[in-house]
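The block underneath contains the structure these notes are about, expressed in structure tokens.
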There are 2 protein chains.
Amino acid sequence: MTTSDRARPRKPRADGERRRASILREAASLATVTGLDGLTIGGLAAATGMSKSGLYAHFGSKEELQLATVAQARRVFDAEVFGPASAAQPGVPRLVALCEAFFAHVEGGTFPGGCFFVGAALEMGTRPGPVRDSIAAFQDELGAVMATAVAAAVERGELSQDEDPQVLAFELNALLVGADAAFVLRGDPAVLEVARAVVRRRLTSPD
Amino acid sequence: MTTSDRARPRKPRADGERRRASILREAASLATVTGLDGLTIGGLAAATGMSKSGLYAHFGSKEELQLATVAQARRVFDAEVFGPASAAQPGVPRLVALCEAFFAHVEGGTFPGGCFFVGAALEMGTRPGPVRDSIAAFQDELGAVMATAVAAAVERGELSQDEDPQVLAFELNALLVGADAAFVLRGDPAVLEVARAVVRRRLTSPD
DNA sequence: CCTACCGATCGGTAGG
DNA sequence: CCTACCGATCGGTAGG
């Protein structure tokens, strides 16, 4: 608490924040190709035109960089998937919007390697630590959002009373993961069209 | 074609073949944790008690090692999944057997990182080359096996005439991939039980 | 944020 | 199959 704390109240390191954000956008993209572990300080330095030690000034260690990259990917997912979904009516419309937004997110090429969290889940699943925990926390949230939307749909009579929220959430999640994996491997948007049709039929015809 | 070719017709380098096979079993296991790219000559040497140059004597290059590792994983998948499936009756029984064998393969812990090909598809999808091609070829085969079994089930009247083999094959594949991803991340067999129930319901109740 | 550097490990080779 | 080695790159640090 020095006097200088109040002397310059505006834009404290605003450039540094912007720089950090642009580094993390690059990091999240890179990680969908190389993996979170294959994301290298030197490689990221080259991609951003910085020196390695410049990156260490921002992130301190590789693990901190990985965690910041996961947080960045989460912000992107919020903006491109959760956002559009929460704008839709609760119940089936929200479930459909969530899946459609996911497919658009994957197809739109935000990340070259498809959904960040699908790749990260497979890569980090067997590697205990804070990075894996942050991926698992995201998956828990996604599952909870889906299960909540399913429960709302059941309450509104849009889905059968027999529908188990956890089970249908698993089914839908699997369709997203399966579509992402197939699209990344083939690069063919047709698989996303198939996935869209399956989601719509599953949510709009009788169980 | 020298005389020695016929002088020792039995067990030509049988020890070398056995050694190679045991190296590849270790390589396939390791790769489900580290990834095919994170599979390192030095790391595999340490895991097998060999020197790095000993591995180069067997495989020549890292890419050759990766291709041989994919081939090994394929042999395991044949033995543990395709084998049991082909022993079942064509149609729905074979589809169910294929999925059940897959879940048992994942749950049984053959590989610490779950299904080799799920992780490999996500990892190699954005990295063109012969290794990715071999992964894609496997996925094509799995899809074809499933679509063929669906078509047989439709012909036998076990599934609705409206069922599109390609679409249902995609659905089932997604359930396998989604179950593998969730099981690897959580380590909880309960997700496989959910997946089994979904598969059975999808294949035994009216569409 | 930089240059310059550290020990460790990478894929791969020489020579046996 | 081994030891011994190559240049390149890894994560990270010193000092500015």
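Just so you know, these numbers come straight off a predicted model, no measurement behind them. Lettering follows sequence order; numbering is per chain, from 1.
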When you look at E80(A) and R75(A), which way does the salt bridge (charged side-chain N to carboxylate O under 4.0 Å, His left out) test go after all the steps?
CA-CA 9 Å; E80(A) 299 194 4; R75(A) 265 172 248 128; over 6 Å; no

Tell me if the centroids of the rings in F77(A) and F116(A) come within less than 6.0 Å of each other.
no

When the axes are fitted on five pairs at both termini, how much does the helix from dC1(C)-dG16(D) to dG16(C)-dC1(D) curve, in 10° steps?
10°

Over all atoms of both residues, closest heavy-atom pair of P165(B) and V150(B):
CA-CG1, 3.6 Å

With no hydrogens and no angle check, is any side-chain donor or acceptor of R94(A) less than 3.5 Å from a backbone partner on A88(A)?
yes

Are more than 12 heavy atoms from other residues, nucleotides or ligands located less than 6.0 Å from atom CD of Q166(A)?
no

Nearest 0.5 angstrom please: D188(A) CG to E193(A) CD, how far?
10.5 Å

Hey, what do you get for SG (C99(B)) to CG (L172(B)), rounding to the nearest 0.5 Å?
5.0 Å

Does R202(B) reach the side chain of L168(B), with side-chain heavy atoms less than 4.5 Å apart?
yes

Summarise protein proximity over nucleotides 7-16 of chain C in one line of letters, 5' to 3': B for base, S for sugar-phosphate only, - for none, counting protein heavy atoms closer than 4.0 Å.
---SBBBB--

Short side-chain N/O contact from S51(A) to OP1 or OP2 of dC2(C), under 4.0 Å:
yes

